[in-house]
Number of protein chains: 2
Amino acid sequence: MTPTSNNGKTGISIPAATMERLPRYLMQLFRLRRKNCDSVNSQSLGEALGLKDTQIRKDLSYFGVFGKARYGYNVEYLIKAIESILGLTSEYNLAIIGVGNLGKALANYAVQVNSNFVLKLLVDTNPEIIGTTVADLPVRSMDDLPQLLSTQEIHIGIIAVPEKAAVDVANILVEGGVRALYNFSQAELHHIEGVFIENASISYGVYKLAHHLSGSWPRKK
Amino acid sequence: MTPTSNNGKTGISIPAATMERLPRYLMQLFRLRRKNCDSVNSQSLGEALGLKDTQIRKDLSYFGVFGKARYGYNVEYLIKAIESILGLTSEYNLAIIGVGNLGKALANYAVQVNSNFVLKLLVDTNPEIIGTTVADLPVRSMDDLPQLLSTQEIHIGIIAVPEKAAVDVANILVEGGVRALYNFSQAELHHIEGVFIENASISYGVYKLAHHLSGSWPRKK
DNA sequence: CTAATTTCGTGCATTTTATCTCGAATGACG
DNA sequence: CGTCATTCGAGATAAAATGCACGAAATTAG
Ligand SMILES: NC(=O)c1ccc[n+]([C@@H]2O[C@H](COP(=O)([O-])OP(=O)(O)OC[C@H]3O[C@@H](n4cnc5c(N)ncnc54)[C@H](O)[C@@H]3O)[C@@H](O)[C@H]2O)c1
Ligand SMILES: NC(=O)c1ccc[n+]([C@@H]2O[C@H](COP(=O)([O-])OP(=O)(O)OC[C@H]3O[C@@H](n4cnc5c(N)ncnc54)[C@H](O)[C@@H]3O)[C@@H](O)[C@H]2O)c1
C-alpha cells in the first residue's frame, strides 16, 4: 500500500485538529531522522510533542496503517507518508518580498526547512539591497516583479515588508498569479478570492508567555 | 466593575481555545485603534478574524460584560480588559540572545508590539556584532550574560541562535533566573521544571499553504 | 411614549475532538 | 513452538468547543 492511500476510508472527513498537528509530527520526525533513529513509537513521539500517545495513533489511523505492533512507526516511512498527506510530493517555489532583517532570516531558513520548498526570488525596493546576494540568490528590484512572475511560477509569496507596503505587495503578487501568501507584516490582508493567506504571528507567543508569568495559563495536556 | 473582574463566575474554568483566541482579538483591536475606531461589534470583529460572531461574544462573556446592545464593544475598554486578562498589566523585560538577522528583526519588532514588553538586553558571541547598536540598545557579550542577568530581572528570554547553541543558551538563561523562553531555533528544548517554553514555528505556516495548494485543506469556518 | 431594530449575553443542542478500552498483531525469549 | 509483553488500530465513550435561538437591553424613529 502506498503512503497516500486512505486504507478504504473514503468519505471520512479528517478532523481539522488532526491536520494542524501533522506538520508538528513531521518536524519531530525530521529531528529523529537527524539523530539516526529508525523507528519511533506513539508514546515517545507524544512525549516530545506534549500529546497523548492515543492522540497520535488516532491521527495517523485516519490515513491508514503506518505502524507495527511491538515496533512502532518507521521514521523514514512515516515522513514520506505525512509529506504525501500534506502535499509535499511536488516542489513549491517561494518568493520573499522585502529583504530586510526578517526577509534575510527567512531566506536562510527556507533553504534548511525542507527540500520541497525552493527559494526562487528575492525582491526589494531599496537600491542598496538590490543586487546584493542573500542565500545564494541575487536580490531583484520590485519594479521587475510583475515581469519576473510572468517568467517563472511562484507558488508561495512571503511578505516581509513594512506594514504600509504590504497590501500593495499582496496585490502585485496575486496579479502575477501567486495563490498563497504568507504575511509577516502587521497589516491586515483582506480575504482575496482563490488566494490562501496565512498570517504569521510572532507576538502571540509572547502574549502566552506573559500570561503564564502573570498567573496560570490553562495547561494543555 | 473593573475589566479584570469575572462577573461572579468564580470556579468556571475558561476553555483553552478561548484563551488562545484572546491575543488575536487584541491584535485586531490594536488595528482598529490605529484606525481610530471607537467601537466594534462582534460581527465585524468576527469577520476580520474568520470567526462567528457568537464565538466572540461567548469568549468575552466568560470574563464578564464588556459590550452594550446596539453599540458593540468599546475598543479602548476591550483592549484594557483583554490586556488585563492576559496579564499585560505589568511590564515584561525581554532579552534577545543571538543578534543575527532574525534577532535584529525581532528586536525592532518587539518595540512596536506592545509597550508592556520592554527590550532590555541584546546578546551575541560574534565580536563583530558585540558593541554595535540595534534598536537603540548596545549588543553585549555572551560572556557577560550571567552577570547581566544577576543585575536586572529578565522575564522572557528570546533564543535566536543556531540550533547547536540553543540548549546551552537556554540553560544559561534559566540559571540566571529567566522563567519563560521563546525559542526560534530548530532545536528541541526539553521541558524544564518551572520554565515555560514556547517554540516558534514559521515552517508550519508554509506546510499549511503547501497543502492548500495541493488540494483542499479542511476549511475552518 | 411606543414600536421597531440592533446587538449583546447565555442556556442548551449539536458538532467536534480527545481519551479510554480492548482485541489483534508482532516480536522477544526461554 | 508456545508464552509473554508490547504496541498498534479503532470502536465506544467522555469532554470540549461551537453555534443556535431567544430574551433583554439600548438606541432610533415616529
Ligand atoms: N510577524 C512577526 O512576528 C514579525 C516579526 C518581525 C518583523 N515583522 C514585520 O516584518 C516586516 C519586516 O521587518 P524587518 O525587520 O525585516 O524590517 P526592515 O525594515 O528591515 O525590512 C523591510 C524591507 O522591505 C523593503 N521594502 C519596503 N517597501 C517595499 C516594497 N513596497 N516592496 C518591496 N520591498 C519593500 C525595505 O527596503 C526593507 O529592506 C515589518 O512589517 C515587521 O513589522 C513581523
Ligand atoms: N523558527 C523559525 O521560524 C525561524 C526562522 C528563521 C530562523 N530561525 C532560526 O533562528 C536562528 C537564527 O537565525 P538567523 O537567521 O538570525 O541566523 P544568524 O546566523 O544570522 O544569527 C545567529 C546569531 O547567533 C549568534 N550566536 C551563535 N552562537 C551563539 C551563542 N552561543 N550565544 C549567543 N549568540 C550566538 C551568532 O553570532 C549570530 O549573530 C537559527 O537557528 C534559525 O534556524 C528560525
Side-chain angles (χ1 to χ4, degrees), chain A residues 1 3 5-22 24-25 37-75 77-78 81-82 217-221, chain B residues 1 3 5-22 24-25 37-75 77-78 81-82 217-221:
Chain A
M1 184 182 55
S5 83
N6 201 358
N7 203 28
K9 297 187 202 315
T10 45
I12 292 175
S13 83
I14 311 296
T18 294
M19 295 308 294
E20 299 276 342
R21 276 188 294 270
L22 292 181
R24 299 182 57 200
Y25 297 168
C37 293
D38 280 349
S39 71
V40 64
N41 61 34
S42 54
Q43 196 175 4
S44 65
L45 197 52
E47 269 164 27
L49 296 171
L51 299 168
K52 285 247 166 28
D53 55 343
T54 52
Q55 179 77 84
I56 285 166
R57 290 206 299 279
K58 164 116 329 190
D59 280 347
L60 296 176
S61 77
Y62 287 117
F63 303 100
V65 180
F66 300 130
K68 275 205 288 204
R70 248 222 79 144
Y71 168 82
Y73 301 89
N74 181 276
V75 169
Y77 180 77
L78 194 52
I82 295 180
W217 185 272
R219 292 298 178 99
K220 251 197 188 153
K221 196 67 254 303
Chain B
M1 184 182 56
S5 83
N6 200 358
N7 204 25
K9 296 187 204 312
T10 46
I12 293 176
S13 82
I14 312 295
T18 294
M19 294 308 294
E20 299 278 343
R21 277 188 293 270
L22 291 181
R24 300 181 58 202
Y25 296 168
C37 293
D38 280 349
S39 70
V40 65
N41 62 35
S42 56
Q43 196 175 2
S44 65
L45 197 52
E47 268 163 28
L49 297 171
L51 299 167
K52 285 247 164 37
D53 55 344
T54 52
Q55 180 76 83
I56 286 166
R57 291 204 299 278
K58 170 137 298 207
D59 281 347
L60 295 176
S61 78
Y62 287 117
F63 303 100
V65 179
F66 301 130
K68 277 206 290 205
R70 242 204 104 136
Y71 167 80
Y73 301 90
N74 180 277
V75 170
Y77 180 78
L78 194 53
I82 295 180
W217 185 272
R219 290 300 175 99
K220 251 197 187 151
K221 197 65 255 292

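First the proteins, then the strands, lettered A, B, ... as listed; each starts at 1.
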- Query: Given dT7(C), dG9(D), dA17(D), which nucleotide is nearest the side-chain atoms of Ala17(B)?
  - Reply: dA17(D)

- Item | Contacts of Ser39(A) that satisfy side chain to side chain donor-acceptor pair (under 3.5 Å) - sequence neighbours left out | none

- Message: Expressed as a whole number of angstroms, how long is the span from Leu78(B):CG to dC8(C):C1'?
- Response: 13 Å

- Message: Output the rounded distance in Å from CG (Asp53(A)) to C1' (dG9(D)).
- Response: 12 Å

- Message: Which heavy atom of Phe63(B) sits nearest to which heavy atom of Met19(B), and what is that distance?
- Response: CZ-SD, 3.8 Å

- Item | Atom-pair distance (CD on Glu20(B); P on dA16(D)), nearest Å | 15 Å

- Query: Rounded to the nearest Å, what distance is computed from the CZ atom of residue Phe63(A) to the P atom of nucleotide dG9(D)?
  - Reply: 13 Å

- Specify the separation, in whole Å, of atom CG of Asp59(A) and atom P of dT17(C). 10 Å

- Message: If you compare all heavy atoms of Ile82(B) against all heavy atoms of Leu22(B), which two are closest, and at what distance to 0.1 Å?
- Response: CG2-O, 3.9 Å

- Task: Measure from OH on Tyr62(B) to P on dG19(D) and round the result to the nearest Å.
- Result: 12 Å

- Message: How many whole angstroms separate atom CD1 of Ile56(A) from atom C1' of dC20(C)?
- Response: 16 Å

- Message: Within the 4.0 Å heavy-atom criterion, would you say Ser42(B) contacts the bases, only the backbone, or no part of the nucleic acid?
- Response: sugar-phosphate

- Would you say Gln55(B) reaches dA17(D)'s phosphate, i.e. side-chain N/O to OP1/OP2 under 4.0 Å? no

- Check the distance between dC8(D)'s C1' and Leu45(A)'s CG and give it to me in whole angstrom. 14 Å

- Query: Picking from dC8(D), dA17(D), dT10(C), which would you name as closest to the side chain of Ala16(B)?
  - Reply: dA17(D)

- Message: Suppose we screen for salt bridge (charged side-chain N to carboxylate O under 4.0 Å, His left out). Which residues come up paired with Arg57(A), at least two apart in sequence or across chains?
- Response: Asp53(A)

- Note on the structure: Applying side chain to side chain donor-acceptor pair (under 3.5 Å) to Ser44(A) and not counting sequence neighbours gives Asn41(A)

- Query: Which parts of nucleotides 20-30 of chain D does protein reach within less than 4.0 Å, heavy atoms only, written one letter per nucleotide 5' to 3' as B for base, S for sugar-phosphate only and - for none?
  - Reply: BB---BBBS--

Just list the side-chain donor-acceptor pairs under 3.5 Å for residues 66-75 of chain A, sequence neighbours left out, or say none.
from     : atom 1 : to       : atom 2 : distance (Å)
Tyr71(A) : OH     : Asn74(A) : ND2    : 3.2
Asn74(A) : OD1    : Glu76(A) : N      : 3.1
Asn74(A) : OD1    : Tyr77(A) : N      : 2.9

- Item | Partners meeting salt bridge (charged side-chain N to carboxylate O under 4.0 Å, His left out) with Asp38(B) (sequence neighbours left out) | none

